[in-house]
Amino acid sequence: MAMVAFASVKASPGVTTAALAVAASWPQPGRAMVAECDPAGGDVAAWFGLAATPGLVSLAAAARRDPAAGRLADHCQRLPGGVEVLAGPPGAAQATAALQVLAGQQAAALITPTDGAVVVADCGRLTPGSPAGTLLGVARLTVLVVRPVLAEVSHVAAAVDAVREVTRSLVLVVVGDDGYTSDDLAAALEVPVVGRLPHDPAGAGLTAGRVAVSGRLLRRSRLARAARVLAADLAHRLTGDVPALTAGPEPAATVAGTSATHDQTATGPEKARPAPSDRRHRRRERDAAPPAAPADRCPVPGWVPSVGADG
């Protein structure tokens with residue numbers, strides 16, 4: 001089982017929402033499950049009304065008794081759309097204690113093979129000495145989530161070397177429509193940008209279960225469409241046998257809706273259903289176009305953000 005660790009350096013750019021969206025969009029025939037490994041505590045149980053157990057705490061308890069007995073799938077709960085999640089406790093003390101147990105050799109409990117599933121670990125905000133830091137060394141791929149604004153990019157620029165030292169492979173995911181371009185961020189931070197998720201409050205609300213909707217409506221949100229492209233790229237980086245997409249098929253599972261598969265008559269991402277109107281077609285083209293950064297604030301190779309500049 002491979003692990004992809006999602007984390008941030010500063011602020012709250014939407015790590016949990018991104019992890020859920022990517023797991024729900026993981027390309028078939030593979031599947032992904034979410035593990036809430038945020039030392040500050042988990043949110044998914046509250047978002048979806050899950051039981052307090054099983055979850056991260058019960059997995060840690062099982063691994064402490066017998067490292068070989070801790071099996072991730074036995075401690076997951078299933079969200080309405082089919083995504084399996086290892087829910088973290090809401091309290092920071094419990095979450096930190098559980099992660100400390102799972103550090104080191106017992107981290108194997110989080111990556112024990114289970115039908116070839118990929119673990120998408122939500123590691124929350126990285127801080128010095130964070131017990132979630134151990135998972136970065138275990139993960140095959142670490143994804144730093146950042147908004148393209150000066151305040152957040154400054155913190156990433158200051159921390160990226162330290163994060164790179166403890167990870168096997170480091171990439172960025174940008175959240176937001178405005179600000180610096182992905183190419184500029186990749187050049188300035190010397191970390192590849194593998195995807196850009198839109199600022200989509202409605203889609204984020206659907207993903208987090210705050211609104212009860214059909215799976216079809218959820219899959220059509222801007223966030224879900226971008227997450228499909230991102231999930232395909234991450235799967236390709238893990239295995240090398242899943243082509244990266246520019247427009248992905250609908251996933252088999254959704255976060256807060258019913259399960260469904262994409263149209264079997266389609267032969268690939270190019271054969272998408274035509275837009276019902278020119279206006280909707282233009283909106284899709286606009287969403288796909290990368291946002292431009294202000295000309296006077298564009299980072300360049302070797303650029304280090306000025307803390308004194310406004311964001």
Side-chain angles (χ1 to χ4, degrees), residues 3-19 22 34-44 55-57 59-60 63-64 86-111 119-176 180 185-186 188-194 299 302-309 311:
M3 175 183 287
V4 179
F6 276 65
S8 68
V9 172
K10 183 68 174 179
S12 301
V15 174
T16 303
T17 299
V22 165
V34 175
E36 272 197 302
C37 302
D38 187 346
D43 296 311
V44 174
L56 181 68
V57 173
L59 175 64
R64 181 166 48 192
L86 179 75
Q94 273 191 308
T96 298
L99 289 170
Q100 288 172 339
V101 170
L102 292 172
Q105 295 295 323
Q106 291 171 317
L110 289 169
I111 56 174
V119 176
V120 179
D122 168 15
C123 297
R125 187 184 307 168
L126 299 178
T127 58
S130 169
T134 302
L135 300 182
L136 303 187
V138 174
R140 292 265 300 277
L141 187 62
T142 296
V143 180
L144 282 185
V145 182
V146 60
R147 284 190 290 249
V149 297
L150 183 60
E152 291 195 26
V153 176
S154 299
H155 288 284
V156 174
V160 68
D161 287 340
V163 175
R164 188 185 283 112
E165 288 180 359
V166 298
T167 59
R168 298 167 65 178
S169 180
L170 180 64
V171 297
L172 292 177
V173 165
V174 183
V175 177
Y180 302 121
L185 290 174
L189 299 172
E190 299 182 344
V191 179
V193 176
V194 297
W303 166 84
V304 176
S306 171
V307 177

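Here, residue 1 is the first one in the sequence, and each next residue gets the next number. In this text the structure is predicted, and so the values were computed from the model without any measurement.
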If you compare all heavy atoms of [X] against all heavy atoms of [Y], which two are closest, and at what distance to 0.1 Å?
X    : Y    : result
C123 : L135 : SG-CD1, 4.1 Å
A95  : P39  : CB-O, 3.7 Å
D122 : A19  : CB-CB, 4.4 Å
A132 : C37  : CB-O, 3.5 Å
R168 : A139 : CD-O, 3.1 Å

Would you compute the distance between atom [atom1] of [X] and atom [atom2] of [Y] and round it to the nearest 0.5 angstrom?
X    : Y    : atom1 : atom2 : value
L102 : L86  : CG    : CG    : 8.5 Å
Q94  : L99  : CD    : CG    : 11.5 Å
D43  : E36  : CG    : CD    : 6.0 Å
T167 : E165 : OG1   : CD    : 9.5 Å
L136 : L126 : CG    : CG    : 5.5 Å

Is the shortest heavy-atom distance from the side chain of [X] to the side chain of [Y] under 4.5 Å?
X    : Y    : result
V191 : V156 : no
V101 : L59  : no
S12  : R125 : yes

R147 backbone acceptor or donor facing E152 side chain under 3.5 Å: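 Such a contact is found between E152 side chain and R147 backbone.
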Sidechain-backbone polar pair: T96 side chain, A92 backbone, donor-acceptor under 3.5 Å: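 Yes, because the side chain of T96 sits within donor-acceptor range (under 3.5 Å) of the backbone of A92.
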Stepwise side chain to side chain contact (heavy atoms under 4.5 Å, CB included) test for T142 and R164: CA-CA 9 Å; T142 296; R164 188 185 283 112; over 6 Å; no
Residue pair V160, V9: steps toward the side chain to side chain contact (heavy atoms under 4.5 Å, CB included) verdict: CA-CA 9 Å; V160 68; V9 172; over 6 Å; no
Residue pair V44, V34: steps toward the side chain to side chain contact (heavy atoms under 4.5 Å, CB included) verdict: CA-CA 10 Å; V44 174; V34 175; 5.5 Å; no
Candidate pair V143 and V120, rule side chain to side chain contact (heavy atoms under 4.5 Å, CB included), full reasoning: CA-CA 10 Å; V143 180; V120 179; over 6 Å; no
Result of checking V175, V145, V173 against V15 for side-chain contact (heavy atoms from CB on, under 4.5 Å):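 For V15, the side-chain contact (heavy atoms from CB on, under 4.5 Å) test succeeds with only one of V175, V145, V173, which is V145.
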